[in-house]
J.: 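Let me begin by handing over the structure; questions about it come next.
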Amino acid sequence: MQIFIDSASEKEIADLLKQGVVDGVTTNPTIMLKDGVYDIEEGAKRIIALIGERPLSIEVTSNEHEEMMGQARCFATWGPNIVVKIPVVNEFGESSLDVISALTSEGVAVNATAILSFNQAILATKAGAAYISIFAGRIADEGNDPVQTIRNVRQWLDSWGYSAKIIVGSVRTVIDIQNAALSGAHIITVPPPFFPKMIDHKYTRDTVRQFNRDAEKALTDIATVRSVNRGSL
Ligand code: E4P
């Protein structure tokens, strides 16, 4: 399973790369805005300089298919690891499967995004998307269970031999990450604030504190024993 960072912040990405657990980066227009990236090309190129060959997902920002195609072709020239995010429908509910299919035929890697249902996932897969972004938090927002969707999509991909990879995004709580990992996500894209929450644990701190104190005590004890031994010679 891979872990991506859901961020456009160079600082966050650079910090997390050092931890050795990051396999790629995803962004969307909301993340870009939040992280102060106003020039998509400049932002994407800065991120690519940090992440090397790892994949970077950048999302198109239009409802129009011709414009989506143009943006996607342009993004793809920025690096071989660019993956273009295409929402499965535009804001009017019109299918983007034709865009996904055409880009895939041209050799542009597509991340079919804003997926909230099993049926959207299977159609995006059949249209050729390399990645299927299932939005766990937004599925749960509507009172549905993202675990079931992730599990069903994974089972369907495996049983029919499709190579598309499930990216679980829209992470809202730490348990979403565990649930995604155990229900068949190939990739989870994690917002940076969740990494410290994933690794830290109060009792681990107490355990390390105990070990450190006992190591100090051992040094004091050995020094005492040595000085007693020297005195008795
Ligand atoms: C990632 O690919 C998604 O764009 C992102 O995780 C969406 O998260 P949100 O539902 O919290 O906006």
Side-chain angles (χ1 to χ4, degrees), residues 1-10 12-13 16 21-37 40 43-44 47-48 51 54-63 68 71-72 75-76 81-91 96 99-100 103 108-118 120-121 124-125 127 129-150 153-154 157 164-181 183-195 197-198:
M1 198 201 77
Q2 295 190 318
I3 293 181
F4 287 3
I5 316 175
D6 210 15
S7 172
S9 155
E10 279 177 77
E12 286 174 340
I13 294 166
L16 285 165
V21 295
V22 173
D23 302 296
V25 172
T26 52
T27 65
N28 65 35
T30 301
I31 290 171
M32 294 270 190
L33 179 67
K34 173 179 75 64
D35 291 336
V37 177
I40 302 181
I47 295 171
I48 290 170
I51 66 175
R54 298 171 179 89
L56 167 64
S57 285
I58 306 280
E59 187 157 346
V60 297
T61 57
S62 174
N63 286 308
M68 286 185 193
Q71 288 182 356
F75 297 170
N81 50 341
I82 290 283
V83 178
V84 181
K85 286 174 96 173
I86 306 287
V88 279
V89 293
N90 67 11
E91 65 180 83
S96 307
V99 176
I100 294 171
L103 289 171
V108 175
V110 172
N111 176 346
T113 194
I115 289 184
L116 299 171
S117 75
F118 176 84
Q120 289 176 324
T125 302
Y131 297 97
I132 303 294
S133 280
I134 299 179
F135 279 20
R138 290 185 192 242
I139 291 175
D141 284 344
E142 292 209 303
N144 296 311
D145 181 3
V147 164
Q148 271 315 321
T149 309
I150 299 162
V153 174
R154 178 61 191 264
L157 289 173
K165 301 283 179 243
I166 298 171
I167 303 181
V168 173
S170 190
V171 164
R172 302 281 164 78
T173 64
V174 176
I175 198 72
D176 292 342
I177 300 166
Q178 180 174 327
N179 285 339
S183 53
H186 297 96
I187 301 156
I188 305 172
T189 189
V190 180
F194 286 90
F195 285 89
K197 293 182 184 180
M198 289 169 77

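Worth knowing before you read on, the calculation uses all heavy atoms, side chains too, and leaves out hydrogens, waters and symmetry mates. One-based numbering, in listed order, for ligands and for the atoms of each.
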J.: Output the list of atoms in ligand 1 that are nearer than 4.0 Å to some heavy atom of Arg138, sorted by atom number.
T.: 9 (P), 10 (O), 12 (O)
J.: Are any of the N or O atoms of Thr113 closer than 3.5 Å to those of ligand 1?
T.: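 N/O-N/O distance below 3.5 Å does not exist for this pair.
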J.: Would Glu59 count as being in polar contact with ligand 1, using the rule that some N or O on each side must be under 3.5 angstrom apart?
T.: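 No; the residue has no nitrogen or oxygen that sits under 3.5 Å from a nitrogen or oxygen of the ligand.
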J.: Say whether, by atom type as modelled, one donor and one acceptor occur between the side chain of Ser133 and the main chain of Ile166 under 3.5 angstrom.
T.: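 Side chain of Ser133 to backbone of Ile166: no pair is present.
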J.: Under the 3.5 angstrom rule, does the side chain of Gln71 hit a backbone N or O of Thr61 as a donor-acceptor pair?
T.: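 Between the backbone of Thr61 and the side chain of Gln71 there is a qualifying donor-acceptor contact (under 3.5 Å).
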J.: Does Asp6 reach ligand 1, in the sense of a heavy atom lying below 4.0 Å from it?
T.: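 Yes.
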J.: What is the distance from atom CD1 of Ile58 to atom CD1 of Ile82, rounded to the nearest 0.5 Å?
T.: 5.0 Å
J.: Quick one: side-chain hydrogen bond (donor to acceptor under 3.5 Å, both in side chains) partners of Asp141, sequence neighbours excluded?
T.: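 Applying side-chain hydrogen bond (donor to acceptor under 3.5 Å, both in side chains) to Asp141 gives Arg172.
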J.: Determine whether a donor-acceptor pair (N or O, by modelled atom type, separation under 3.5 Å) exists between the side chain of Ser170 and the backbone of Arg138.
T.: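 At least one qualifying donor-acceptor pair exists.
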J.: Under 4.5 Å between any side-chain heavy atoms of Asn144 and Thr149, yes or no?
T.: no
J.: Students should be able to answer this: which protein heavy-atom is nearest to atom 2 (O) of ligand 1, and at what distance?
T.: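 Protein heavy atom with the smallest distance to atom 2 (O) of ligand 1: Lys85 NZ, 2.7 Å.
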J.: Pull out every atom of ligand 1 sitting under 4.0 Å from any heavy atom of Gly169, numbered as shown with elements.
T.: 6 (O)
J.: For Arg154, which residues count as a salt bridge (Lys or Arg N to Asp or Glu O under 4.0 Å) partner, sequence neighbours excluded?
T.: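 Partners of Arg154 by the salt bridge (Lys or Arg N to Asp or Glu O under 4.0 Å) criterion, ordered by chain and then number, come out as Asp158.
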J.: Thr189 versus ligand 1: do any nitrogen or oxygen atoms come within less than 3.5 Å of each other?
T.: no
J.: I need the nearest protein heavy-atom contact for atom 4 (O) of ligand 1: residue, atom name and distance, please.
T.: Asn28 ND2, 2.7 Å
J.: For ligand 1, find out whether one of its N or O atoms is nearer than 3.5 Å to an N or O atom of Thr27.
T.: no
J.: To which of Gly137, Ala114, Ser170 does the heavy atom nearest atom 8 (O) of ligand 1 belong?
T.: Ser170
